[in-house]
Structures are given as C-alpha cells and as structure tokens.
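Presented below is the structure to which this report refers.
Numbering of residues begins at 1 and proceeds along the displayed sequence.
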Amino acid sequence: DSAAWHAVDKKDGRVVWTHPLAKRPSSSRQDKVDRAFSCAVPIRWQGKPHLLLTSNASVDLVDAASGAVVMTFSIAEHKLTWGPFPDPVVFDNDKFLLGLWYSGKATALALQVTPDGIKSLWANKTIGKGAYSCMVRAGYAYGYGADGLQCVDLKDGGLKWKWRSEDSKLRIDQGELITIGDKLVWMSTSGRLYVGEASPDKPGPVGEFPVFGKSTRDLKADKARYHAVVCTAPTFALGRVYCRSPWGEVACVDMGTPAP
C-alpha cells in the first residue's frame, strides 16, 4: 500500500495501527507526492522500540507499539519523485544515514534523533545517489554515488576514496554491498562479484568474479530494461555467497572461508 504504513499482529494478521504517508507539495500534475519504498527500520529511542518510516515527503519516528508519531523530519524540499529507495542505516544508536535517490540538493543525509527533534548532521552529493544501499562499519559508510563506489566519514560526510572499474563497459556500474567481517562484498549491476577491504585507506576491490552474463529474458517483450540489471544484494552463509539475478538465475560462490 503506497498510501500508508500498517502494523499487523503476527499471530492473526490483524491490523494494529496505520500510519498514512505525508504528501509533499506538488510541482506538476504528474508528480508523485506520496510514495514510500524503503522498509520500516527499527531504532531504539529513550529505551523503547521505535520505527523510522521514510517516504518522499518526510522521515517519521513512530512508537513501534502504538504507531504514535514522536517526531517528523521533512525532506519535501528535495522534491523526490521515486525515492528514497534504500532503507535508512542506523549507526551510533541514535543516528542514521539516508540515501535520497535523485535530488538536486543532496544525495545523502546524516540525521540524528534528539530530544528536540530529528536534526541534520550533514548532507553531501558524494554517496547515496541511486537505488542502492549503503553499509556502515567502524565510523565509515560505503556505497555507490555519482562517481562510483565511495567511502565517506560518518562524522562529517567527507569523502575518503572513490573507485570505478577501469573497464569502460563497467564504469557506469552501481551495486549492492554487504560486509563479511572486515571485508566489503558487492554485486555490481552488470553481474560481477567484488571483494574489497572495509577500510577508509584501501579503495576498490582486491578480487572479482563474473557471476552473471547477459539477461536471458526478452527485454522488449517485458518492456522493462531493469530486468537486465542485477540489483539484489548478495547473502552470506557458512563460507558461501549466494547471488540472484532478475531473470531467475541463482549462483553460489565458495569464498574459501571454512564453516564454523
């Protein structure tokens, strides 16, 4: 339901509460002013469970049990049509990183929940542009932006490094990341699996592996070019990484890590 958030009882599916999406001012008749794509993200505030609910108009902090709105932060000024797509990433307990999809003002915001409301810590145009998630580890965020894969300092949003493939056909790739220990693992939109260091001092991959080739679907019949783009994050279990393509292939890659 793009018009509201719903909390349901896990025992019987009963709707416990509903939170309507805020609508931002419209700039045109075709403008989409009430869209939400990211998941409800848990965050603890003042010792109680809360949720961050993000639409293209605002970020709302609500009580998880009752759905009561505790505070709201407007992002209407960014005039987002389809974003934010990625889920907010919580760090340092009361802070979170929000990628904005496409905005002329910023592509990422770092925000903090305070007794006086949700406050902006910094904004930049380095990381967060697109529909792909960021990972946070040891004070730094990693994710794709306008200039490829990037690492930024969570203190101020300062760029530590950026990386793009030297292959001209792969330079426009984006991708979904996970962390495995101190390693970054990401699946690019062209179907390559990369491994790098989750470090502000070591940009780019230390290894890569082509997992998927071209789409096997009839893209003209589908009328959906995105079926040719790999956009699912890999998952890791017992020393193996599992990857999925939008045309129905699943691959398992042995990372050489012994199972515990």
Side-chain angles (χ1 to χ4, degrees), residues 1-8 15 17-43 45 50-64 67-91 94-114 117-136 141 143-146 150 152 154 157 174-177 189 224-226 229 231-233 246:
D1 187 345
S2 291
W5 296 87
H6 305 286
V8 299
V15 176
W17 54 257
T18 297
H19 176 70
L21 297 182
K23 292 186 178 182
R24 64 173 177 78
S26 175
S27 57
S28 69
R29 183 175 297 180
Q30 292 77 30
D31 201 3
K32 306 296 188 298
V33 297
D34 55 352
R35 293 291 185 268
F37 297 94
S38 60
C39 297
V41 173
I43 184 172
W45 169 242
H50 289 74
L51 298 170
L52 293 170
L53 306 182
T54 306
S55 71
N56 62 358
S58 65
V59 181
D60 300 332
L61 180 74
V62 305
D63 181 86
V69 178
V70 178
M71 57 186 75
T72 295
F73 183 87
S74 175
I75 55 174
E77 63 178 305
H78 295 279
K79 298 181 179 179
L80 302 173
T81 298
W82 294 111
F85 272 90
D87 297 341
V89 182
V90 177
F91 64 98
D94 60 356
K95 303 180 183 72
F96 59 97
L97 179 66
L98 182 65
L100 292 179
W101 181 237
Y102 288 101
S103 166
K105 292 190 174 184
T107 58
L109 301 174
L111 304 167
Q112 183 176 19
V113 181
T114 77
I118 299 175
K119 305 295 184 182
S120 177
L121 300 176
W122 52 260
N124 71 19
K125 293 185 178 181
T126 300
I127 201 170
K129 184 176 183 178
Y132 301 95
S133 304
C134 297
M135 294 299 300
V136 167
Y144 273 85
Q150 301 175 25
V152 301
L154 285 172
Q174 297 192 53
E176 286 283 7
L177 296 84
T189 46
R225 288 181 298 172
Y226 55 79
V229 177
C231 54
T232 304

Tell me, please, which residues at least two apart from [X] pass side chain to side chain contact (heavy atoms under 4.5 Å, CB included).
X: Ala141; answer: Leu97, Ile127, Val136, Val152, Leu154
X: Thr18; answer: Ala4, His6, Val15
X: Met135; answer: Leu177, Thr179

Do the non-hydrogen side-chain atoms of [X] and [Y] ever get within less than 4.5 Å of each other?
X: Thr72; Y: Val59; value: no
X: Leu111; Y: Lys95; value: no
X: Trp122; Y: Leu109; value: no
X: Leu98; Y: Thr54; value: yes

How would you list, by chain and number, every residue that makes a side chain to side chain donor-acceptor pair (under 3.5 Å) with [X], sequence neighbours excluded?
X: Ser120; answer: none
X: His19; answer: Asp60
X: Thr232; answer: Arg244

TODO: May I ask you to decide if Ala64's main-chain N or O and Trp17's side chain share a donor-acceptor pair within less than 3.5 Å?
DONE: yes
TODO: Could you tell me whether a side-chain N or O of Asp63 sits under 3.5 Å from a main-chain N or O of Ala68, the two making a donor and an acceptor?
DONE: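 No, because the side chain of Asp63 does not come within donor-acceptor range (under 3.5 Å) of the backbone of Ala68.
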Give me the atom names and distance for the closest heavy-atom approach of [X] to [Y].
X: Thr126; Y: Thr107; answer: N-OG1, 3.6 Å
X: Gly99; Y: Pro86; answer: O-CD, 4.1 Å
X: Gly175; Y: Tyr132; answer: O-CB, 3.2 Å
X: Ser55; Y: Leu21; answer: CB-CD2, 4.0 Å
X: Val62; Y: Leu53; answer: CG2-CD1, 3.8 Å
X: Trp45; Y: His50; answer: O-CE1, 3.3 Å

Rounded distance (nearest 0.5 Å) linking atom [atom1] of [X] with atom [atom2] of [Y]:
X: Gln112; Y: Phe73; atom1: CD; atom2: CZ; result: 12.0 Å
X: Thr114; Y: Asp94; atom1: OG1; atom2: CG; result: 8.5 Å
X: Cys134; Y: Gln150; atom1: SG; atom2: CD; result: 9.0 Å
X: Cys39; Y: Leu51; atom1: SG; atom2: CG; result: 11.0 Å

- [ ] Take Leu52 and Leu61 through the test side chain to side chain contact (heavy atoms under 4.5 Å, CB included) and record every step on the way to the result.
- [x] CA-CA 5 Å; Leu52 293 170; Leu61 180 74; 3.9 Å; yes
- [ ] For Ser133 and Glu176, run side chain to side chain contact (heavy atoms under 4.5 Å, CB included): C-alpha distance rounded to whole Å, both residues' side-chain angles, the deciding distance at 0.1 Å, then the answer.
- [x] CA-CA 6 Å; Ser133 304; Glu176 286 283 7; 3.4 Å; yes
